[in-house]
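Remarks on the structure that follows.
Note that the structure is predicted; figures quoted are calculated from it, not measured. Numbered from 1 within each chain, the chains take letters A, B, ... in sequence-line order.
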2 protein chains.
Amino acid sequence: MEKYLKILKKCSLFYGISDDNLLKMLTCMGAKIISFDKKYTIFAEGNTAKYIGIMLSGTAQTVQMDYFGNRSVISVIKAPHIFGEAFACAEAESVPVSVIASEPCEVMLIDCGHILHTCSNNCGFHQQLIFNLMKDLATKNIMFHQKIEITSKRTTREKLLAYLLFRAKEQGADSFEIPFDRQALADYLEVDRSGLSAEISKLRREGILECRKNRFEFLTKL
Amino acid sequence: MEKYLKILKKCSLFYGISDDNLLKMLTCMGAKIISFDKKYTIFAEGNTAKYIGIMLSGTAQTVQMDYFGNRSVISVIKAPHIFGEAFACAEAESVPVSVIASEPCEVMLIDCGHILHTCSNNCGFHQQLIFNLMKDLATKNIMFHQKIEITSKRTTREKLLAYLLFRAKEQGADSFEIPFDRQALADYLEVDRSGLSAEISKLRREGILECRKNRFEFLTKL
DNA sequence: ATAAATCTGTTGAATTTTCAACGAAACGGG
DNA sequence: CCCGTTTCGTTGAAAATTCAACAGATTTAT
């Protein structure tokens, strides 16, 4: 287990827990490490979600089948990401996705029940673990909610402005940076890249904002 | 406190906790009940998120200001909804929204720290409470994620089919119901209602699906 | 420093969405 | 059963998005 300490410590789930306690805790919770070859199924659709997964090495994909069996890749999982936590915590009776190794990988599996139900001695680091898991879910909630708010606007211009206004407010400054290049921003906003570029140019010509690469600046009140 | 028992028991946060334990627990956690007149601020933007709110009666709105001070209503809160839980659990240093009473209302406030840090006697119902809160966040995560997946499709047709395929799969049947009328479905999919109606008609003419009010049925493999 | 690769802005045509308006159908009371 | 109200489907015109293609700018590797 020790050889995985370095990667485990990068995992938000274990924030603020000392090496010693982490190792003790993993044993106490019966954490298992399993290796999967390429194409092997880590979590199978339709099962109940019992385990939280932690990717230690390699890569996997979240795969979804629709009603007619059309397959689509929802997300890519690399170390040190955790996965399956929402389904496990929601006690989903049947998860709608599979997680499949896209290259050989090592995964730590922890029974979610062992996380949620603190052991009888009510140890402080176990509380920290619950706290971390809760924070992880809550943070994702906020991010999802913000994305929905932004992408629910109907036009590219509105989406872009909504996004930039969030970032400006967040950084509390007239001039601010965004963590995306044009293509990534277009993907986030769910619009066409060229249309996005055109809209940025238009806002520039109108004197509303200025931009150089990832740095934007509002010039006027809307 | 007893007079609010009926409404509190409807709150998912307290699922599976007996009346006795619930009342004891609320006292133990220092839950406060506060009344707000119309237009009063329950949570103010910019503060740290310390409390989880439970609406006991009346109505409030989640309000957001953008960088330039333009105000928009994000959501409406009625009993027995809880609110602020994501910000509190994520330990947001500064919440980006205000919650403002839109009619006189009564709100229960619980310090989130008192929920997350179990009391020294490690009582079982406190674990249940943590469990419920986690489940609430996780369930919302799954719902948000699904909505993002559906609305990230680019055309009305794709959005509609993605949504219907989810519902069909969920109900495991050729014929299935949806919980929306046309306008609500259009809002969920973030498309125009008339365009949605047109698309449904088109799918009908193409022999792909049949529908009568809220009941849909796929006729062919895509 | 140069070449290759990637990113970005522009354009115009084709497709799609939105918007407004209207009538038919469904619903709920009285 | 009739009437008022809401929901639903249709239509055509206006607006916006997507798509493909390309050239200039920027970055990376050698």
Inset, instruction - Figure out the CD/C1' separation between Gln183(B) and dA26(C), and round it to whole Å. - result: 17 Å
Inset, instruction - Verify the neighbour count for atom NZ of Lys169(A): are there more than 12 heavy atoms of other residues, nucleotides or ligands below 6.0 Å? - result: yes
Would you tabulate the nitrogen or oxygen pairs shorter than 3.5 Å linking the protein to nucleotides 12-14 of chain C?
none

Inset, instruction - Considering just the side-chain nitrogens and oxygens of Arg182(A), establish if one lies under 4.0 Å of OP1 or OP2 belonging to dG9(C). - result: yes
Inset, instruction - Send over the distance from Ile200(A) CD1 to dA25(D) P, rounded to a whole Å. - result: 18 Å
Inset, instruction - Determine whether the aromatic ring centres of Tyr15(B) and Phe131(B) lie less than 6.0 Å apart. - result: no
Inset, instruction - Grab the NZ-P distance between Lys159(A) and dT17(C) for me, whole Å please. - result: 12 Å
Inset, instruction - Mind checking Thr155(B) for me? I need base, sugar-phosphate or nothing, with any heavy atom below 4.0 Å counting as a touch. - result: sugar-phosphate
Legend entry - Asp192(B) CG to dT11(D) P, straight-line distance once rounded to whole Å: 15 Å
Legend entry - Length of the CG-P vector between Asp181(B) and dG9(D), whole Å: 11 Å
Inset, instruction - Identify the two heavy atoms, one from Tyr163(A) and one from Pro179(A), that lie closest to each other, and give their separation to 0.1 Å. - result: OH-CD, 3.4 Å
Inset, instruction - Mind calculating the distance between CZ (Arg212(B)) and C1' (dT7(D)) to the nearest angstrom? - result: 15 Å
Legend entry - Protein-nucleotide distance (Arg193(B), atom CZ; dT7(D), atom C1'), rounded to Å: 8 Å
Legend entry - Sugar-phosphate, base or nothing in reach of Ser201(A), heavy atoms under 4.0 Å: sugar-phosphate
Inset, instruction - Compare the minimum distances between each of dG9(D), dT17(C), dT8(C) and the side chain of Ser197(A), then state the nucleotide with the smallest one. - result: dT8(C)
Inset, instruction - Please report, rounded to the nearest Å, how far the P atom of dT18(D) is from the CG atom of Asp187(A). - result: 11 Å
Inset, instruction - Say whether, by atom type as modelled, one donor and one acceptor occur between the side chain of Lys147(A) and the main chain of Tyr188(A) under 3.5 angstrom. - result: yes
